[in-house]
Amino acid sequence: MILQRADRIRGTIRVPGDKSIAHRALILGTIARGKQVVEGVPQAADVQSTISCLRSLGAFIEEMPDGRVLNLATDFTSGKKLDAGNSGTTARLLSGLIAGHSLYSTIDGDRSLRRRPMTRVTTPLEEMGAEVSTAEGGRLPMTIRGGNLKGIRYRLPVPSAQVKTTVLIAGLLAEGKTTVEEGVPTRDHTERMLRAMSASIRTDDGSITVEGGRPLSAVHVKVPADISSAAFFIVATICLPSSEIYLPTTGVNPTRTGLLSVLEEMGANIERVGGESYLEEPVSDLVVKSSLLRGVTIDPKILPTLIDELPVLAVAATQAEGETVVTGAEELRYKESDRIAAIVDNLSALGADIEERDDGFVVRGPSKLKGNQVSSCGDHRIAMALTIAGLLAEGKTEITGSEVIDVSYPAFFNDLRSLLR
């Protein structure tokens, strides 16, 4: 993909549905009583990996012409090798589902996913009674023999909504109660959905408890627009002059809106218009306008609420007056790429004043970015963040490996073109 500096962006766009919510709705629907209808499922490759894996396990999932997805509780089949593609959410959440049934299956993924740590889920699942084996270093492929699980009390060593959800899914299928303790709150889509599906669930002072053996009830899930996908257009609008966009029905779950809070602290003009709830998920329309930004120091405590948006936040920081400091973000090194190194190397190539730290980075702005050749590093969020940087840079910016964006947002470039006017 080759980009040139944009004059402005304007218009209305509804970004695809929230991947995190879609994954959970599809997986939980396979163990719920009745027909679960999921509306607004994104066409992202990650979500398609979840659908494909569930079908391989024997689940009935029908993608209807109007975009809705119907799935039913089913008798799973064993012995299948499941391809999670590039999706860490698919691999980890399905491990909890398999562990909770008398199944024997192997989960694998692409080269990028094989680099990501899986001991975070294998440790609690083994403690619950599952038999799990992995490749060297606790990585994929991961083979699980499940069934006859016992509830446990487990404290997350690292904040992770994926690990929390994996243990809770296994706990729904285990004997007794399972409690997950969080030192730092992470996104709570699973807890909200389980309450809507009539699970026996209790949240109390940093812990979440589910009772096994209680059936879930199928629900109609409306998936809000994904705040993580909207983030790229939000940053582009703020940083380009004379720009304004309208983002309808966007998910504003407070465990996901750290980017909005930080940008507002930096001086961004972001307005929430109206509000409603989709199965306990808060939703709002967003109006975003061009703004002058100032650098800030980001409190590490809020990083779980914007961990996926840090690459594009770094792009915004290159246009802010002063210094923006990110610390406590070691988790970025274990995503689809080493996102700290990827964003520092690529933004440096575009002329940004950015310094790598072990657990984050420091950006000093404002910088006049200049076009150059940069790399997605095989990471969809790095590719989209660099696209926004390319819109701010003088001259031509070429992004190699930009096709990886299909992992989360296949229509990204088409949607972006519709706003460039």
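Quantities reported herein were computed from a predicted structural model and do not represent experimental measurements.
In this structure, D308 does not pair ionically with R256, as no charged nitrogen and carboxylate oxygen lie closer than 4.0 Å. Taking the charged nitrogens against the carboxylate oxygens, E336 and R115 have no contact shorter than 4.0 Å, which rules out a salt bridge. Between K301 and D299 there is no salt bridge, since no side-chain N of the basic residue sits under 4.0 Å from a carboxylate O of the acidic one. The pair E323-R364 meets the salt-bridge criterion, since a charged nitrogen lies less than 4.0 angstrom from a carboxylate oxygen. The pair R333-E356 meets the salt-bridge criterion, with a side-chain N (NZ, NE, NH1 or NH2) lying under 4.0 Å from an Asp/Glu carboxylate O. Electrostatic pairing of R187 and D18 does not count as a salt bridge here, judged by no charged N lying under 4.0 Å from a carboxylate O. Between R55 and E63 there is a salt bridge, with a side-chain nitrogen of the basic residue lying less than 4.0 Å from a carboxylate oxygen of the acidic one.
More than 12 non-hydrogen atoms from other residues, nucleotides or ligands lie less than 6.0 angstrom from CZ of F413. Counting heavy atoms of neighbouring residues, nucleotides and ligands inside a 6.0 Å radius, atom CG of D205 does not exceed 12 of them. Within a 6.0 Å sphere centred on CG of L292, other residues, nucleotides and ligands contribute 12 heavy atoms or fewer.
Here CD1 of I245 is found 10.0 Å from OG of S290. Values are rounded to the nearest 0.5 Å. Rounded to the nearest 0.5 Å, atoms CG (L94) and CD1 (I169) are 8.0 Å apart. To the nearest 0.5 Å, atoms OG1 (T178) and CD1 (I201) are separated by 11.5 Å. The CG atom of L125 sits 7.5 Å away from the CG atom of L149 when rounded to the nearest 0.5 Å.
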ask   = Are T190 and R24 close enough, and set up right, to give a side chain to side chain donor-acceptor pair (under 3.5 Å), and what steps lead you there?
value = CA-CA 7 Å; T190 303; R24 287 156 173 79; 2.8 Å; yes

task = Evaluate side chain to side chain contact (heavy atoms under 4.5 Å, CB included) for L313 paired with V235, printing each intermediate quantity in order.
result = CA-CA 7 Å; L313 182 61; V235 168; 5.9 Å; no

task = Given side chain to side chain donor-acceptor pair (under 3.5 Å), test S408 with H380 step by step and report yes or no.
result = CA-CA 7 Å; S408 63; H380 57 118; 2.8 Å; yes

request  = Start with the C-alpha gap between D379 and R339, add the side-chain angles, then the distance that decides, and say whether salt bridge (Lys or Arg N to Asp or Glu O under 4.0 Å) holds.
outcome  = CA-CA 8 Å; D379 189 323; R339 285 183 177 165; 2.7 Å; yes

Derivation and outcome, side chain to side chain donor-acceptor pair (under 3.5 Å), residues T90 and T50 = CA-CA 5 Å; T90 301; T50 289; 2.6 Å; yes

request  = Carefully, step by step, assess R120 and E331 under the rule salt bridge (Lys or Arg N to Asp or Glu O under 4.0 Å).
outcome  = CA-CA 13 Å; R120 296 176 179 184; E331 183 67 12; 2.7 Å; yes

task = Check step by step if side chain to side chain donor-acceptor pair (under 3.5 Å) holds for Y409 and D226.
result = CA-CA 10 Å; Y409 197 163; D226 193 338; over 6 Å; no

query = Can you check side chain to side chain contact (heavy atoms under 4.5 Å, CB included) on F76 and T30, steps first, answer last?
reply = CA-CA 9 Å; F76 293 107; T30 66; 3.5 Å; yes

key: Verdict with supporting geometry, N253 and H189, side chain to side chain contact (heavy atoms under 4.5 Å, CB included)   = CA-CA 8 Å; N253 182 312; H189 301 306; 3.5 Å; yes

key: Criterion side chain to side chain contact (heavy atoms under 4.5 Å, CB included) on Q36 and L72, from CA distance to verdict   = CA-CA 6 Å; Q36 180 124 315; L72 303 172; over 6 Å; no

CA sep, side-chain torsions, deciding dist, call: K164, D188, salt bridge (Lys or Arg N to Asp or Glu O under 4.0 Å) = CA-CA 9 Å; K164 172 177 67 176; D188 63 354; over 6 Å; no

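Residues satisfying the ring pair (Phe, Tyr, Trp, His ring centres under 6.0 Å) criterion with F233, sequence neighbours excluded, are F412.
A donor-acceptor pair is defined here as one N or O able to donate and one able to accept, closer than 3.5 Å; no such pair exists between the side chain of D285 and the backbone of P248. Although no hydrogens or angles enter the test, the distance criterion places a donor-acceptor pair under 3.5 Å between the side chain of S277 and the main chain of E280.
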